[in-house]
Amino acid sequence: MNDPKIKKQIASLRQKIRQADYRYYALSDPEISDKEYDNLLKELKTLEEKYPGLVIFDSPTQRVSGAVSSGFKATKHKIKMLSLENTYSIEELKSWEAKIKRLLKKSPGLDYLAEPKIDGVSCSLVYEKGSLVMGLTRGDGESGEVVTANIKTIRSLPLKLRGDYPESLEVRGEIYIQREDFKQINQQRASRNEPVFANPRNAASGSLKLLDSKLVSQRRLKCLIHSFGWAKGFTFQTQKDFLAKAKDWGLPIDARSKNCQDLGQAIDYCFKLEKERESFSYEVDGMVIKVNSLKLQEELGATLKSPRWAVAYKFAAHQATTKVKEIELGVGRTGIITPVAILEPVACGGVTISRTTLHNFDEIERLGLRRGDTVLIERAGEVIPKIIKVITSKRKGKEVKIKIPSRCPVCSGIVEKEKEEEVYWYCINPDCPAQLKRSLIHFAGRGAMDIEGLGEAAVEELVKQKIVNSLVDIYKLKKEDLFKLPLFKEKKADNLISAINKSKSQPLARFLFGLGIRHVGEKAASVLAKKFKTIDNFFKLSVDQLEEIPEIGPVMAASVLKFFSNPKTKKMIEAFKQAGLRLNVGASRRLAPTATSKIAGKTFIFTGELEKLSRSQAQKLVEELGGKWVSAISKNIDFVVAGQNPGSKYRKAQSLGLKIIAESDFLTLAGRR
Ligand code: IVH
């Protein structure tokens with residue numbers, strides 16, 4: 001147990017992992033590959049499991065605690081967490097400077113630090129003897145909630161500081177979710193019929209308050225440190241000094257933080273970043289300008305609400321007012337009725353907005369929205385526009401209240417809520433053509449059976465002409481059926497038939513996902529397929545068998561059981577089998593050998609937004625074709641795939657002289673064009 005050799009080995013592994021974290025998160029300059037990193041962590045975990053007496057609370061393995069918290073305790077902040085005074089124009093910034101210059105005894109030439117105001121949730125982190133011992137939310141500024149276990153899941157935050165850190169230290173920062181991760185989280189939630197988050201800030205704040213830190217770790221929270229509370233046995237001269245030290249200690253700081261020699265420079269920098277903001281990986285709602293000298297900061301002090309030495313310059317929000325012309329009702333594949341506001345087209349944040357989802361009828365009630373109302377809409381970053389509020393003063397008296405429909409707008413089937421506490425209303429007619437269309441599109445989609453050519457337009461036609469009346473009907477399609485439709489000429493019909501045939505050997509996971517079982521997303525489908533291997537096993541399942549799988553919760557288990565105990569499901573699966581679908585875990589699509597050879601064995605990294613594929617689809621494609629993808633830039637990468645608005649990885653790739661290709665080139669390599 002106390003074998004010094006083991007102790008030394010464990011200490012050395014921890015040191016290597018911390019060094020790798022520092023290179024990756026603090027310096028953005030990794031020295032080892034993701035695989036090497038995973039191996040180190042695996043080795044450490046194995047040793048710690050074998051020698052539990054040697055586990056320490058700030059070991060790199062301790063990011064996710066096993067325990068589920070029953071609530072959060074509140075604790076007082078040693079130094080109050082204030083907020084910032086907002087300004088919206090150069091004039092206001094100038095009068096802020098004039099005011100602080102008046103307050104300072106001597107009126108020195110002031111230099112500033114200007115940096116993005118990240119739209120996230122603020123937090124306070126306490127390090128004792130270099131170890132992260134407490135993480136707090138801001139709360140009401142006086143006291144916050146202790147969310148240490150959740151904060152420890154943030155990989156960019158060191159559990160142990162490096163170098164000559166102070167004996168005790170409190171730093172403050174912003175916890176956020178990157179746009180790309182936010183999109184994926186919402187896609188996943190939508191596929192499980194869970195309500196989506198309105199913006200990355202809400203997602204970050206909701207995640208930080210989850211009671212199970214295992215779930216938090218899946219949310220990929222990030223943190224950047226922007227200020228400090230107190231440091232025992234340590235002094236800094238300037239804000240810039242603090243950030244440099246914080247970086248040395250391994251804390252993540254924003255590389256966009258810039259020392260500006262006067263307010264004019266700071267204002268120029270604000271304008272520059274305002275123009276570039278859409279390309280940042282995180283959302284910003286403005287800039288923060290801080291007096292650099294800590295001595296002067298102290299002299300200036302604070303009002304009850306905010307420090308006098310810092311000010312926020314808020315970017316123009318992407319907001320506009322317009323009228324709600326109509327409420328359209330959409331019917332999804334599970335029957336959910338989604339109200340959509342049809343707007344008088346209006347320019348907002350550089351694009352024209354003419355419709356926006358209202359998600360559900362509770363949202364209509366919350367807003368107090370009526371047809372004909374004038375509303376304020378906002379587009380945060382690239383996120384879908386949202387109605388923020390109704391401008392009731394603009395009402396003319398002709399606005400019409402919006403009723404929950406009692407009948408489906410497409411098939412006139414009965415509309416019901418599944419449970420009283422749910423927010424969604426469903427059309428419960430299983431033969432509803434709108435549901436059939438959505439189900440077909442989902443089934444044929446990229447994450448599922450991936451039938452190229454069976455998109456929205458084709459499905460619309462096939463359902464309208466009653467050629468396809470169920471999912472299985474896809475496999476009964478003949479070329480002659482397609483010729484009847486204006487959409488299909490010789491080549492197109494051939495291509496679709498061959499794509500349909502190809503899809504017959506898709507693996508079980510894709511098929512399960514494609515069936516659109518309520519609450520079963522892509523990940524769950526893959527777990528289920530791996531576990532139960534053939535479709536027939538799903539008809540013999542028990543609740544216990546399902547619930548013993550860590551990734552499957554009771555709601556999903558009940559939904560899977562209900563689906564497979566329905567006699568119609570049995571009939572449908574039999575029909576799929578008859579049609580020649582393989583439906584086992586190993587079934588796999590054969591890819592053209594030329595496509596395989598170009599990606600196999602190569603390492604890819606993605607930066608910026610892709611158009612044709614989501615990032616996760618692109619990464620999956622690389623894996624399927626025998627390649628590897630990484631998220632940290634290094635010289636070992638064969639191809640950098642750059643989408644719209646690429647980030648810092650792009651610049652690094654250029655400086656390393658890596659091969660940078662466009663999404664279209666990537667698709668060609670993958671044999672998808
Ligand atoms: S400095 C007030 N710097 O904005 C104490 N704050 O509206 C000094 N924020 O609660 C804060 N990015 O959480 C500072 N670069 C940044 C920031 C930042 C975001 C948040 C912060 C604060 C809020 C004030």
Side-chain angles (χ1 to χ4, degrees), residues 190-193 328-340 357 405-418 424-478 481-482 484-488 493 496-497 499-501 503-504 506 510-522 525 535 559-560 562-564 566-581 583:
S191 77
R192 293 194 204 128
N193 285 346
E328 214 175 73
L329 299 176
V331 186
R333 78 185 142 84
T334 51
I336 289 179
I337 315 262
T338 307
V340 177
T357 177
S406 54
R407 294 280 172 175
C408 170
V410 176
C411 71
S412 303
I414 292 170
V415 167
E416 269 182 12
K417 251 190 188 185
E418 253 192 357
Y424 295 116
W425 291 81
Y426 295 85
C427 160
I428 58 164
N429 170 16
D431 301 319
C432 171
Q435 289 180 50
L436 174 62
K437 267 190 250 168
R438 288 278 134 222
S439 303
L440 285 163
I441 292 166
H442 173 78
F443 184 80
R446 285 216 177 101
M449 300 302 266
D450 197 9
I451 306 175
E452 212 175 320
L454 198 53
E456 192 126 12
V459 165
E460 176 80 41
E461 278 290 314
L462 292 166
V463 173
K464 199 162 107 196
Q465 304 292 338
K466 297 204 182 319
I467 299 172
V468 169
N469 298 301
S470 68
L471 294 183
V472 181
D473 281 356
I474 294 176
Y475 294 96
K476 296 178 188 156
L477 275 175
K478 297 201 182 62
D481 297 325
L482 297 176
K484 285 184 207 150
L485 308 174
L487 210 62
F488 289 95
L496 179 54
I497 298 288
I500 290 172
N501 283 332
S503 79
K504 289 180 183 169
Q506 286 286 26
R510 280 174 170 265
F511 176 75
L512 277 177
F513 174 60
L515 289 176
I517 306 165
R518 206 168 279 179
H519 305 293
V520 178
E522 235 174 313
I535 197 78
S559 172
V560 172
K562 187 173 164 197
F563 183 84
F564 283 98
N566 185 340
K568 279 190 183 165
T569 304
K570 183 112 200 159
K571 257 181 145 172
M572 173 174 71
I573 298 294
E574 281 314 312
F576 273 122
K577 281 187 188 165
Q578 291 239 320
L581 273 77
L583 305 187

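When reading the values below, keep in mind they use all heavy atoms of this one structure, side chains included, and skip hydrogens, waters and symmetry mates.
- To the nearest 0.5 Å, the span separating SG on Cys411 from CG on Asp431 amounts to 8.5 Å.
- Among residues two or more places apart in sequence or in another chain, the side-chain contact (heavy atoms from CB on, under 4.5 Å) test is passed with Glu461 by Lys464, Gln465, Leu485, Pro486, Leu487.
- A donor-acceptor pair under 3.5 Å is absent between the side-chain atoms of Arg446 and the main chain of Glu452, judged by distance alone.
- Taking each heavy atom of Glu456 and Ile441 in turn, the nearest pair found is CA-CD1, 3.8 Å.
- Of all the heavy atoms in Gly514 and Phe443, the pair that sits closest is O-CD1, 3.5 Å.
- Atom CG of Asn501 is separated from atom CG of Leu496 by 9.5 Å, given to the nearest 0.5 angstrom.
- Judged by distance alone, with hydrogens and angles left aside, the side-chain atoms of Ser559 form a donor-acceptor pair with the main-chain N or O of Arg518 at under 3.5 Å.
- Side-chain atoms of Arg438 never come within 3.5 Å of backbone atoms of Arg333 as a donor-acceptor pair (strictly under, hydrogens ignored).
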Test Gln435 against Val331 for side chain to side chain contact (heavy atoms under 4.5 Å, CB included), laying out the working first.
CA-CA 6 Å; Gln435 289 180 50; Val331 186; 3.9 Å; yes

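- Residue Arg407 holds its CZ atom at 11.5 Å from CD1 of Ile337, rounded to the nearest 0.5 Å.
- For the pair Val520 and Leu512, the minimum side-chain heavy-atom distance is 4.5 Å or more.
- Between Asp473 and Lys476, at least one side-chain nitrogen of the basic residue sits less than 4.0 Å from a carboxylate oxygen of the acidic one, meeting the salt-bridge criterion.
- Residues Val415 and Cys408 come closest through the heavy atom pair CG2-N, 3.4 Å.
- Interatomic distance, CG of Leu454 versus CD1 of Ile474, reported as 5.0 Å (0.5 Å rounding).
- Within the 3.5 Å criterion, the main-chain N or O of Phe513 finds a donor-acceptor partner in the side chain of His442.
- One finds the CG atom of Leu583 at 6.5 Å from the CD1 atom of Ile573 (value rounded to the nearest 0.5 Å).
- The two atoms that bring Val468 and Leu436 nearest to each other are O-CD2, 3.7 Å, heavy atoms only.
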As a quick check of understanding, evaluate side chain to side chain contact (heavy atoms under 4.5 Å, CB included) for Leu581 and Met449, giving each step before the final call.
CA-CA 11 Å; Leu581 273 77; Met449 300 302 266; 3.7 Å; yes

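- Two residues are said to be in side-chain contact when any heavy atoms from C-beta on lie closer than 4.5 Å; Leu440 and Leu462 fail this criterion.
- In the displayed structure, Lys417 atom NZ is contacted under 6.0 Å by more than 12 heavy atoms of other residues, nucleotides or ligands.
- Residues Tyr475 and Phe511 keep their aromatic ring centres 6.0 Å or farther apart.
- A donor-acceptor pair under 3.5 Å is formed between the side chain of Asp481 and the backbone N or O of Lys478.
- Residues Leu329 and Pro405 are in side-chain contact: their nearest non-hydrogen atoms beyond the backbone lie under 4.5 Å apart.
- Listed for the Thr569 side chain is a donor-acceptor partner under 3.5 Å among the backbone atoms of Phe563.
- By the 4.5 Å heavy-atom criterion applied to side chains, Lys437 and Val410 are not counted as neighbours.
- Checked for salt-bridge contact, Lys577 and Glu574 meet the test: a charged N lies under 4.0 Å from a carboxylate O.
- Atoms CD1 and OH, from Ile336 and Tyr424 in turn, are 5.5 Å apart once rounded to the nearest 0.5 Å.
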